Amino acid sequence: MMIMKVKEWCMYCGECAGVCPRSLIEVRENSLKFDKDNCKECAVCIQVCPVQALAKEEVE
Amino acid sequence: MIIETDVLVIGAGPAGSLTAKHAALNGADVIIIDKKSEIGTPKRCAEGVSKEGLKKLKIEPSTRWVTKELSGVRLIAPNGTSVWLNDEKVKLPEAGYILERKVFDKHMAMDAARAGAQIMIKTIANGLRRDGDSLIVTAESMGEELEIKAKIVIGADGPESRVGRWVGLKTAQKPKNMESCAQFEMVNVKMEDPDAIEFHFGSTAPGGYAWIFPKGDDIANVGLGILTTETDKSAYEHLLDFVKNNPATQNAQPVEFNIGGDPVGGMHKELTADNFMLVGDSASQVNPLTGGGIISAMEAGVYAGKVAAKAIKEGDYSAKNLSEYQERCEENIGVKFERDLKVKDYLQSLSDEELNSIADAFQDIELDRINPAELIKQLIKVSPKALLKLGKLF
Ligand SMILES: Cc1cc2nc3c(=O)[nH]c(=O)nc-3n(C[C@H](O)[C@H](O)[C@H](O)COP(=O)(O)OP(=O)(O)OC[C@H]3O[C@@H](n4cnc5c(N)ncnc54)[C@H](O)[C@@H]3O)c2cc1C
Ligand code: SF4
Ligand code: SF4
């Protein structure tokens with residue numbers, strides 16, 4: 001299964017949430033929450049992040 | 001717990017605070033919430049505003065939040081050729097300020113509170129539902145679940161712009177319309193003229209520009225915005241290159257690192273729904289050419305606050321009755337942005353060589369005023385390509 005990994009250097013700026021076409025990212029002051037069940041893996045959130053803090057990862 | 005109010009503003013940036021202030025001043029009961037534990041922090045901004053903009057909004061500059069008064073502009077081509085626009089060359093009656101946003105945003109929120117608005121910090125909105133002629137926003141504050149029932153909800157949630165989507169407005173940005181920005185606030189910056197703001201164009205910042213905005217002494221915001229559709233590198237990587245190669249930052253040291261998204265695709269088409277309005281970055285009310293959004297966010301906030309209070313008095317919160325807000329934004333903000341969007345597209349089409357030759361041509365030009373429109377008029381004189389693409393607009 002594919003999951004979205006948030007790296008520890010994420011700064012919670014919210015740019016990824018602004019481009020997610022399905023509005024699946026909730027940016028809190030010090031954490032990110034993904035509604036991963038509805039993610040279409042379009043990857044635009046990964047693309048716009050100013051510090052490359054998002055990555056798709058394969059997990060068991 | 002359920003709380004009731006006339007107007008709920010979500011987000012206490014410049015847009016939300018001005019909305020809350022003007023809604024409260026005009027008689028509405030107002031609550032404004034922000035997820036941050038400190039309004040204005042962290043900053044996601046280069047902090048430049050025009051004096052004219054503040055004046056129009058009747059906001060008196062305060063030494064608490066103005067760090068620097070500017071007296072010039074320096075535009076820099078990829079090969080380093082500079083176009084100087086300063087007191088020696090042109091009269092600059094209406095230059096700008098560099099703010100301390102962390103302090104400024106707090107003060108705007110304080111003004112809203114003084115006008116009567118109730119502020120709830122560390123409170124995040126996470127959903128919304130309709131309930132008769134009201135909206136109920138679900139929120140969370142320090143582990144407590146809340147419901148806030150409001151006759152009118154105002155989305156002022158910045159570039160994330162999720163609140164508008166909860167009422168069906170189309171606010172998701174495409175990556176080609178969202179600048180990805182990174183900035184250091186630095187010390188030991190050696191600018192040629194520490195009273196002038198610098199804009200660096202070309203491939204240093206594909207799809208955007210790099211900037212050095214002085215904050216007094218040897219301190220400056222050094223940053224850039226890029227379009228991720230135009231480069232494979234991240235904004236951060238481009239910033240490291242810029243700092244490494246720029247003469248002004250050879251010994252500079254960072255004391256702060258800021259990142260964020262800046263929506264530059266022009267104002268959203270729909271800003272209202274029943275019981276709902278959208279202001280600031282969440283409405284994409286950012287100048288597409290400069291990326292500046294503080295003044296337009298606050299201008300829209302004034303309109304939204306007044307229209308909300310009027311609707312409360314009339315007891316009519318329908319999209320139709322709120323459409324006055326949309327009209328005022330289109331007239332005063334949207335129209336300018338349409339033109340600037342075309343200029344941005346043109347600038348982005350230029351190669352480094354073309355930018356260099358334009359900077360050369362600009363060396364002999366006499367200007368008596370500077371603002372983006374005046375610069376474009378001059379650009380049309382020196383560049384046939386600009387004449388072709390922009391001639392009709394200016
Ligand atoms: C790097 C960078 C440099 C910039 N430089 C300049 C510049 O020099 N000059 C200029 O004029 N503009 C600049 N801008 C743009 C400017 O910062 C914005 O236009 C401005 O902040 C918009 O104000 P706002 O109130 O709409 O949004 P914001 O200032 O982003 O405020 C939104 C607020 O909403 C809160 N919020 C979001 N979601 C929720 C939620 N669900 N619940 C509760 N609270 C929520 C956030 O915490 C935030 O406080 C820059 C932007 C960037 C990224
Ligand atoms: S864009 Fe990057 S840094 Fe910003 S909140 Fe998203 S993952 Fe974090
Ligand atoms: S991959 Fe696409 S759908 Fe999934 S969270 Fe990112 S932007 Fe949203």
Side-chain angles (χ1 to χ4, degrees), chain A, chain B residues 11 34-38 41-44 121-127 140 157-166 170-183 223-229 231-240 257-263 265 281-282 284:
Chain A
M1 193 183 70
M2 207 66 107
I3 59 148
M4 194 70 77
K5 172 98 178 150
V6 185
K7 311 281 187 182
E8 58 83 22
W9 60 84
C10 165
M11 293 165 71
Y12 315 107
C13 72
E15 178 153 8
C16 52
V19 297
C20 174
R22 304 168 75 88
S23 197
L24 303 180
I25 310 174
E26 181 178 292
V27 185
R28 317 191 121 233
E29 194 175 22
N30 289 302
S31 63
L32 274 198
K33 241 168 76 180
F34 282 89
D35 171 1
K36 54 179 177 303
D37 296 341
N38 290 307
C39 176
K40 284 281 176 265
E41 299 183 11
C42 68
V44 293
C45 54
I46 298 175
Q47 180 188 338
V48 299
C49 177
V51 291
Q52 290 172 328
L54 293 177
K56 279 190 237 171
E57 264 177 34
E58 194 67 48
V59 290
E60 296 287 297
Chain B
D34 201 294
K35 65 182 175 183
K36 290 178 172 175
S37 53
E38 182 171 4
T41 300
K43 79 168 191 247
R44 299 191 173 109
I121 53 172
K122 197 69 180 160
T123 302
I124 185 167
N126 51 28
E140 209 186 296
D157 57 329
E160 291 169 47
S161 195
R162 295 184 75 226
V163 179
R165 301 188 228 180
W166 298 338
K170 294 193 180 68
T171 66
Q173 294 286 353
K174 296 206 164 66
K176 74 170 170 53
N177 291 327
M178 186 74 123
E179 295 284 336
S180 183
C181 308
Q183 167 180 279
L224 49 74
I226 56 153
L227 288 178
T228 53
T229 45
T231 168
D232 293 330
K233 288 202 273 185
S234 70
Y236 176 57
E237 289 168 314
H238 279 285
L239 176 63
L240 293 181
F257 178 46
N258 315 116
I259 60 171
D262 200 7
D281 275 20
S282 69
S284 203

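Chain identifiers are assigned alphabetically (A, B, ...) following the order of the sequence lines, protein sequences preceding nucleic acid strands; residue numbering begins at 1 within each chain. A quick note: this is a predicted structure, and the numbers were derived from the prediction, not measured.
When each of B:Lys36, B:Lys35, B:Arg44, B:Lys233 is scored by its heavy-atom pairs under 4.5 Å with chain A, the top score falls to B:Arg44. Most heavy-atom pairs under 4.5 Å with chain A: of the set B:Lys170, B:Lys174, B:Glu179, this distinction falls to B:Glu179. Top candidate by heavy-atom pairs under 4.5 Å with chain B, chosen from A:Val27, A:Val51, A:Val44, A:Asn30, is A:Val27. With respect to chain A, the highest number of heavy-atom pairs below 4.5 Å among B:Ser180, B:Ala235, B:Pro263 belongs to B:Ser180. Each of B:Cys181, B:Gly158, B:Ala182 has some count of heavy-atom pairs under 4.5 Å with chain A, and the biggest count is that of B:Cys181.
Of the two parts of B:Ile124, only the side chain, counted from C-beta on, holds a non-hydrogen atom closer than 4.5 Å to a non-hydrogen atom of chain A. At a 4.5 Å heavy-atom cutoff, B:Gln183 makes no contact with chain A through either its backbone or its side chain. Residue contact with chain A, scored on non-hydrogen atoms closer than 4.5 Å, involves the backbone and the side chain of B:Asn126 alike. In this structure, the portions of B:Ser37 lying under 4.5 Å from any heavy atom of chain A include both its backbone and its side chain. In this structure, chain B has no heavy atom under 4.5 Å from any part of A:Cys16.
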Query raised in the report: Can you check side-chain hydrogen bond (donor to acceptor under 3.5 Å, both in side chains) on B:Gln173 and B:Ser284, steps first, answer last?
Result: CA-CA 9 Å; B:Gln173 294 286 353; B:Ser284 203; 3.1 Å; yes

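Using a 4.5 Å cut-off on side-chain heavy atoms (C-beta onward), B:Thr123 and B:Asp34 make no contact. The closest side-chain heavy-atom distance from A:Gln52 to A:Lys7 is not below 4.5 Å. In this structure, the side chains of A:Ile25 and B:Glu160 stay at 4.5 Å or more apart for every pair of heavy atoms. Within the 4.5 Å cutoff, no side-chain heavy atoms of B:Met178 are placed close to those of B:Asp262.
Listed for the A:Gln47 side chain is no donor-acceptor partner under 3.5 Å among the backbone atoms of B:Pro175. For A:Arg28 (side chain) and A:Lys33 (main-chain N/O), no donor-acceptor pair under 3.5 Å exists by modelled atom type.
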